[in-house]
Structure formats: C-alpha cells, structure tokens
Amino acid sequence: MMSNKRIQELELVMEFEKVEECFKEVNSWIENVGRKRLKETVNLNDSLEMLLQAQKQFKEFDLVASEYCKRGQEALKKMNQWEDFSFVDVHSYRVKLRAYEDQLEEFCTQLDETRHRVCETVRLYEFFDKVRQGICCTEGGVKS
C-alpha cells in the first residue's frame, strides 16, 4: 500500500513538472509581454480614429493573450487530481501550483477588464461622434 502511494506521488510529481514547464512559459510571456501591453492600453487616444486603431491592435494582442490564458487554465485542470491526495510530500507542489493559479487568474482578470474598457470606450466615442455630427448637421441646416 505504501508502495502504491509512493508510485502515485511520483507520477504526480512528474505530471507537475510538465505543468510547471507550461506555467513557466505562460508566466514568462505574461511578465515579458502581456503585462506591458496591458499597461500600454491604459491611456487610450483622444480621437475616434486613433481609438479604433488601438482597439484593432488590442484585439490582435487579446487573441494571443487569451490563448496563453487558455493554456494555463488547461494545465491547471490537469492538476485538479491533486486535491484527491493528501500526501504531506506534495504540499510544496500545491503551494507552487496555487501561486501559478493566482498569477494566471490575476492576468486573465486584467485582460477581461481591459477588453471591456476598450470596447466601452469605443462605443462611447462612437456615440459622441454621432452626436457631434448631428449637432453639426443641425447647425448647418439652421444657418441655411
């Protein structure tokens, strides 16, 4: 019985090493590319044209970032089996896994919030642009 537990523990450690490698790659991209690009999106431009260009660039970034989030989340799902084991020896792996999960969750939440903010800002600018055009047309008609 002890041998079976030890074999299961070793299998989990080997699986964790695969997951950890995936997380290192995901985390490296988040730290070196993802967070920087999200910070760049904080200050959106003043014109609708510039904002639409920023939205297009963000959508391209969002596709890549979402793929990294998805890869990280799939790796986490593989490790859900760890909850079924109560080995003392795997506690340190659980702590690392939780840290990876927290980092991934934080980035994915920031990505969702930025996506929503960009979309809402574009909608607001489009609305104001229509209002401005309506006012200009109304003023032009009154002057005639």
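Only a predicted model underlies this, so the values are computations on that prediction, with no experimental measurement involved.
Under the 3.5 Å distance criterion, with hydrogens and angles disregarded, a donor-acceptor pair is assigned to the side chains of Gln110 and Arg35.
Proximity of a side-chain donor or acceptor of Asp62 to a complementary backbone N or O of Phe58 within less than 3.5 Å is not detected.
Here Glu49 contributes atom CD and Asp129 contributes atom CG; the two are 10.5 Å apart, rounded to the nearest 0.5 Å. Atoms OG1 and CD, from Thr121 and Glu126 in turn, are 11.0 Å apart once rounded to the nearest 0.5 Å.
Between Leu48 and Val122 the shortest heavy-atom distance is CD1-O, 4.3 Å. Here the shortest heavy-atom pairing between Arg71 and Cys22 reads O-SG, 4.1 Å. Nearest heavy atoms, Cys69 versus Leu111: SG-CD2, 4.2 Å.
Under 4.0 Å is where a charged nitrogen must lie from a carboxylate oxygen, and between Glu101 and Arg98 at least one such pair does.
Between Lys59 and Val118 the shortest side-chain heavy-atom distance does not fall below 4.5 Å. Under the 4.5 Å side-chain criterion, counting only non-hydrogen atoms from C-beta, Lys24 is in contact with Glu20. Side-chain contact between Gln103 and Ile30 is absent, with no heavy atoms from C-beta onward closer than 4.5 Å. Counting heavy atoms from C-beta on, the side chains of Phe61 and Leu38 come closer than 4.5 Å.
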- Message: With salt bridge (Lys or Arg N to Asp or Glu O under 4.0 Å) as the criterion, how do Arg123 and Glu120 come out once you've worked through the C-alpha distance, each side chain's angles and the decisive distance to 0.1 Å?
- Response: CA-CA 5 Å; Arg123 287 179 53 207; Glu120 289 301 309; 2.8 Å; yes
- Begin from the C-alpha positions of Lys18 and Glu21 and carry the test salt bridge (Lys or Arg N to Asp or Glu O under 4.0 Å) through to its verdict. CA-CA 5 Å; Lys18 291 177 190 173; Glu21 189 62 36; over 6 Å; no
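Taking the six-membered ring where tryptophan is involved, the planes of Trp29 and Phe107 are perpendicular, since the angle between them exceeds 60° and thus also 30°.
Within 6.0 Å of atom CD in Glu31, more than 12 heavy atoms from other residues, nucleotides or ligands are found, so the atom counts as buried in its surroundings. Dense packing is recorded around CD of Gln53, with more than 12 heavy atoms of other residues, nucleotides or ligands lying under 6.0 Å away. Atom CD of Glu105 sits in a sparse spot, with 12 or fewer heavy atoms from other residues, nucleotides or ligands closer than 6.0 Å.
Ile135 and Phe128 fall within a single hydrophobic cluster, where Ile, Leu, Val, Met, Phe, Trp and Tyr side chains are chained together by heavy-atom contacts under 4.5 Å. Phe23 and Val33 end up in the same hydrophobic cluster when Ile, Leu, Val, Met, Phe, Trp and Tyr side chains are linked at under 4.5 Å.
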